[in-house]
**Q** 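Structure incoming, see below.
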Amino acid sequence: MSKYYKFIVLALLLVGLMAGSAFAGSITANNGTPATIALEAMGTARNVTLSGAGNNAISFTSSRSLISGDLLAFTMTNVGTDGNPISLCETGNDVTMDATNTSANSTNFSVRANRSVTSGTKMYLTSISGSGSCNNASSTGLAVRFQPLSSAGMATVSFNITSYGSAIDSANAVNIGNIARQFVTNYVSGNSTIDFAANTTSNGVRFLLGSNTSVPGNAEIRFTDMTLNAAGLTGSGHAGLAVSAILGLQDSASWQGVQRVYVNSSLGCALASNVVANNSPSGTVNLTIPATAFNGAATFIGNVCADVTGNVALQSRTIKGSYDISVGSGGTDPTADSYATVMTWTPNGYQGIIPYLNGSATYKTICIINNKSTATASATLDIISTESGATLSSLSGLSLGTIAAQGTMRVDFDSSITPYSYSSGTETAGTATTLTGLQSNDRYSAMINVGASPTQITVNCIQLDPAGSKRAVPVLTQVSASNPWQQ
């Protein structure tokens, strides 16, 4: 290889080495700790003063020595200037290297070195301008303006340095601030057992131990204090926005048997300590959390509770909740949560719905209830709907008697219900219970409740018609509290 080509190769290697090391500047914002900004406050631009010990609001070094006239250009995202002048300072000197006037919300600005600066020397930016503004106590802050956002994000800053039009150094963007939700919700399910089997007095109208109150679920709003927050507070560092919350509740069983649903902030479900209640729940229940319990200033732990009437057999169900949080003018409302489970109710006995029955003896329905368990089981019946709209209050908790261990019971349905007993080869009709309010040919549905494990009970029904034929009638059960009734 000739000397000429060796020289070219060496020159290219030197250029490559210089290029690899040239763009190695560093930049630090807010003393290396990003500011935390409440997304809920960012419906409008917000002023924040970055700070940091040792003039570290925004500080930086260049890997290349600077000469007078070199241009330092800064680029910011999701944050801009507040319209005040910005000064360029060199650590160790109290003379301003340069100052630039900025327009509000500008995300790009430039300053120039007015003298030589050795590589690695720390420089910084301050909102104080004029002679003698650098390296004094008031120069440690830099006022910036966070831009409006509707979703979580980061605010960043980077720089490029050019020397008379040629790029000589740069630094990758660093995080000035994290913009994130201040109010984060959380839901935990409370699991209640509808008692059909645990106690001798169990009839499915209450929970275990005879309680009329469900095991509480949890619906929490977690508050995180931030540099600029959306809480309903006043003073430095706060947006001063009014904050409120509504908890929506939905019941897969349409609030069957529920007297009231309420939220409190105590450890349990003491009715006296409830913060908001609905005493006639139907459809989606929206409970407005009062400001005395939650105004955005702290975490709110809500216990979701339900009291039952105690006189009707309860159905399994899933109760779900969803918070909708609102902030005042200049804020950004978080998207309402998807509904999450806060309560499940599961019977410890069998429940089966017969969806089609008829009050006419011409269309009598005969059901056989089989008890495979080794214990006697009590059985009750609830009429849950009628075509005529008959009053149901007196048609709940109707006793069918008991089913012997590993025994069978026959029940006939028309305008009355008649249980049968079987002994020594003879089937005997028991006392019929008239279904008061049903009309001739009234179509209705009923729920059978048996105080034994659901896996130990089966129910099969047939219906007669005038032609003398018999057809099967479905009996619906639930696989779980959240699943629909199915055959």
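Each residue takes its place number in the sequence, starting with 1.
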**Q** Between Ser385 and Ser445, do the side chains contain an N or O donor and an N or O acceptor separated by less than 3.5 Å?
**A**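 Distance-only check passes for Ser385 and Ser445.
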**Q** Do Asn84 and Ser127 get their side chains close enough for a donor-acceptor pair, meaning under 3.5 Å?
**A**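 The answer is no; no qualifying pair exists.
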**Q** Under the side chain to side chain contact (heavy atoms under 4.5 Å, CB included) criterion, do Thr386 and Leu392 qualify, and how do the steps go?
**A** CA-CA 8 Å; Thr386 66; Leu392 302 180; 3.9 Å; yes
**Q** Nearest 0.5 Å, what's the CE-CG distance between Met123 and Leu66?
**A**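 Result: 5.0 Å between the selected atoms.
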**Q** Quick one: does Asn105's side chain get under 4.5 Å of Thr81's, heavy atoms only?
**A**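 Asn105 vs Thr81: side chains apart.
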**Q** Do Leu249 and Val342 pass the side chain to side chain contact (heavy atoms under 4.5 Å, CB included) test, and can you show the C-alpha distance, the side-chain angles, and the key distance before you say yes or no?
**A** CA-CA 9 Å; Leu249 297 171; Val342 293; 4.2 Å; yes
**Q** Measuring from atom CD1 of Ile301 to atom CD of Glu220, what distance do you get when rounded to the nearest 0.5 angstrom?
**A**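 Ile301 CD1 to Glu220 CD: 4.5 Å, rounded to 0.5 Å.
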**Q** Please answer whether the main-chain N or O of Tyr339 pairs with a side-chain N or O of Asp337 as donor and acceptor at a distance below 3.5 Å.
**A**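 Absent.
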**Q** Hydrogens and angles aside, do Thr284 and Gln250 bring a side-chain donor and acceptor to less than 3.5 Å of each other?
**A**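 There is such a pair (donor and acceptor under 3.5 Å, judged by atom type) between the side chains of Thr284 and Gln250.
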**Q** Quick one: does Asn212's side chain get under 4.5 Å of Gln259's, heavy atoms only?
**A**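 Heavy-atom side-chain distance check fails, nothing below 4.5 Å.
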**Q** Under a plain distance cut-off of 3.5 Å, with no hydrogens placed, do Gln147 and Asn78 share a side-chain donor-acceptor pair?
**A**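 Looking only at side-chain atoms, Gln147 and Asn78 do not form any donor-acceptor pair under 3.5 Å.
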**Q** Roughly how far, to the nearest 0.5 Å, is CZ of Arg145 from OG1 of Thr44?
**A**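 Reported value, rounded in 0.5 Å steps: 8.5 Å.
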**Q** Which atom pair, heavy atoms only, marks the closest approach of Asn286 to Gly248?
**A**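 The pair with the smallest heavy-atom distance is OD1-CA, 3.5 Å.
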**Q** Between Thr162 and Ala167, which heavy-atom pair has the shortest distance, and what is it?
**A**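 Closest approach of Thr162 to Ala167, heavy atoms only: CG2-CA, 3.9 Å.
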**Q** Between Asn160 and Ser170 (side chain of the first, backbone of the second, donor and acceptor by atom type, cut-off under 3.5 Å), is there such a pair?
**A**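 Such a contact is absent between Asn160 side chain and Ser170 backbone.
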**Q** Counting N and O atoms only, with roles assigned by atom type, does the side chain of Asn178 sit under 3.5 Å from a partner on the main chain of Met154, one being a donor and the other an acceptor?
**A**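 Looks like no, no N/O pair under 3.5 Å.
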**Q** Does any non-hydrogen side-chain atom of Ser211 lie less than 4.5 Å from one of Arg206?
**A**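 No, every pair of side-chain atoms sits at 4.5 Å or beyond.
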**Q** Taking atom types as modelled, is there a side-chain donor on Thr75 or Asn108 under 3.5 Å from an acceptor on the other?
**A**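 Yes, side-chain donor-acceptor contact under 3.5 Å.
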**Q** Start with the C-alpha gap between Ile161 and Arg64, add the side-chain angles, then the distance that decides, and say whether side chain to side chain contact (heavy atoms under 4.5 Å, CB included) holds.
**A** CA-CA 9 Å; Ile161 303 177; Arg64 300 286 299 278; over 6 Å; no
**Q** Of all the heavy-atom pairs spanning Phe109 and Met76, show the shortest one and how long it is.
**A**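 Residues Phe109 and Met76, closest heavy atoms: CE2-CE, 3.8 Å.
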**Q** May I ask you to decide if the ring planes of Phe300 and Phe294 are parallel, tilted or perpendicular, using 30° and 60° as cut-offs?
**A**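 Geometry flag for Phe294 against Phe300: tilted rings.
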**Q** May I ask you to decide whether Asp98 forms a salt bridge with Arg112, counting only side-chain N to carboxylate O separations under 4.0 Å?
**A**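 A salt bridge is absent here (no side-chain N lies under 4.0 Å from a carboxylate O).
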**Q** How long is the straight-line distance from CE of Met447 back to OG1 of Thr477, given to the nearest 0.5 Å?
**A**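 These two atoms lie 12.5 Å from each other.
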**Q** So, do Val459 and Tyr350 sit near enough that their side-chain heavy atoms are less than 4.5 Å apart?
**A**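 Answer yes - side chains close enough.
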**Q** Checking Gln182 side chain against Thr224 main chain: does a donor-acceptor pair fall under 3.5 Å?
**A**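 Answer holds: yes.
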**Q** Could you verify whether a donor N or O on one side chain and an acceptor N or O on the other, from Thr213 and Asp307, lie under 3.5 Å apart?
**A**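 Yes, side-chain donor-acceptor contact under 3.5 Å.
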**Q** Any chance you could measure Arg181, atom CZ, to Met226, atom CE, to the nearest 0.5 Å?
**A**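 So the CZ of Arg181 and the CE of Met226 are separated by 10.5 Å.
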**Q** Looking only at atom types and distance, does a side-chain atom of Gln256 sit under 3.5 Å from a main-chain N or O of Ala313, one as donor and one as acceptor?
**A**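 Side chain of Gln256 to backbone of Ala313, a donor-acceptor pair under 3.5 Å: yes, one is there.
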**Q** On a heavy-atom basis, which atom in Phe183 and which in Ala230 lie closest, and how many Å separate them?
**A**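 Of all heavy-atom pairs spanning Phe183 and Ala230, the closest is CE1-CB, 4.3 Å.
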**Q** For the backbone of Val215 and the side chain of Ser192, can you confirm whether one donor and one acceptor N or O come within less than 3.5 Å of each other?
**A**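 Such a contact is found between Ser192 side chain and Val215 backbone.
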**Q** Sub-3.5 Å donor-acceptor pair from the side chain of Asn295 to the main-chain atoms of Ala297, do we have one?
**A**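 Side chain of Asn295 to backbone of Ala297: a pair is present.
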**Q** Using modelled atom types and a 3.5 Å cut-off, is there a donor and acceptor pairing between side-chain atoms of Ser106 and backbone atoms of Ser103?
**A**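 No, the answer is negative, given that no donor and acceptor are paired below the 3.5 Å cut-off.
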**Q** Is there a side chain to side chain donor-acceptor pair (under 3.5 Å) between Ser26 and Thr61 once you walk through the steps?
**A** CA-CA 5 Å; Ser26 66; Thr61 61; 2.7 Å; yes
**Q** Where the side chain of Arg317 meets the backbone of Gln315, is there a donor-acceptor pair that is under 3.5 Å apart?
**A**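 Flag set: sc Arg317 to bb Gln315 pair under 3.5 Å.
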**Q** Check ring pair (Phe, Tyr, Trp, His ring centres under 6.0 Å) between Phe60 and all other residues, then give those that pass, not counting sequence neighbours.
**A**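 Checked Phe60 against ring pair (Phe, Tyr, Trp, His ring centres under 6.0 Å); matches are Phe74, Phe159.
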**Q** How close do Leu208 and Ala198 get, heavy atom to heavy atom, and via which atoms?
**A**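 In this case the closest contact between Leu208 and Ala198 is CD2-CB, 3.6 Å.
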**Q** Could you state the interatomic distance from CG (Asn203) to OG1 (Thr380), rounded to the nearest 0.5 Å?
**A**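 Reported to 0.5 Å precision, the distance equals 7.0 Å.
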**Q** With a 4.5 Å heavy-atom cut-off, do Ile289 and Val276 have their side chains touching?
**A**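 In contact.
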**Q** Mind listing the closest non-hydrogen atom pair of Ser110 and Leu71 along with its distance?
**A**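 Nearest heavy atoms, Ser110 then Leu71: CB-CD1, 3.7 Å.
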**Q** Is there a donor-acceptor contact under 3.5 Å linking the side chains of Ser189 and Asn191?
**A**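 Side chains of Ser189 and Asn191: pair found under 3.5 Å.
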**Q** When you compare the side chain of Phe196 with that of Gln351, does any pair of heavy atoms fall below 4.5 Å?
**A**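 With C-beta onward as the side chain, the pair touches.
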**Q** Looking at Asn172, I'd like to know if its CG atom is crowded, meaning that more than 12 non-hydrogen atoms belonging to other residues, nucleotides or ligands lie closer than 6.0 Å.
**A**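 No, not enclosed.
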**Q** Quick one: are Leu50 and Val144 in side-chain contact, heavy atoms under 4.5 Å?
**A**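 The answer is yes, as the side chains (C-beta and beyond) meet within the 4.5 Å cut-off.
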**Q** How far apart are the C-alpha atoms of Thr332 and Ser150, what are their side-chain angles, what is the distance that settles it, and do they pass the side chain to side chain donor-acceptor pair (under 3.5 Å) test?
**A** CA-CA 6 Å; Thr332 296; Ser150 58; over 6 Å; no
**Q** Is it true that the side chains of Asp169 and Ser63 contain a donor and an acceptor less than 3.5 Å apart?
**A**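 Side-chain D/A pair, Asp169 to Ser63: present.
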**Q** Evaluate the side-chain proximity of Ile194 to Phe207: yes if any heavy-atom separation is below 4.5 Å, no if none is.
**A**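 The answer is yes, as the side chains (C-beta and beyond) meet within the 4.5 Å cut-off.
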**Q** Run the side chain to side chain contact (heavy atoms under 4.5 Å, CB included) check on Val205 and Val308 step by step: do they pass?
**A** CA-CA 8 Å; Val205 304; Val308 300; over 6 Å; no
**Q** Whether the Ser326 and Ser244 side chains hold a donor-acceptor pair (N or O, under 3.5 Å, no angle test) is what I'd like checked.
**A**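 Result is no, nothing qualifies.
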**Q** Would you please say whether a donor-acceptor pair under 3.5 Å links the side chains of Asn31 and Thr33?
**A**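 Side chains of Asn31 and Thr33: no pair found under 3.5 Å.
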**Q** Taking Asp70 for the side chain and Ala113 for the main chain, is one N or O donor matched with an acceptor at less than 3.5 Å?
**A**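 No: the side chain of Asp70 does not pair with the backbone of Ala113.
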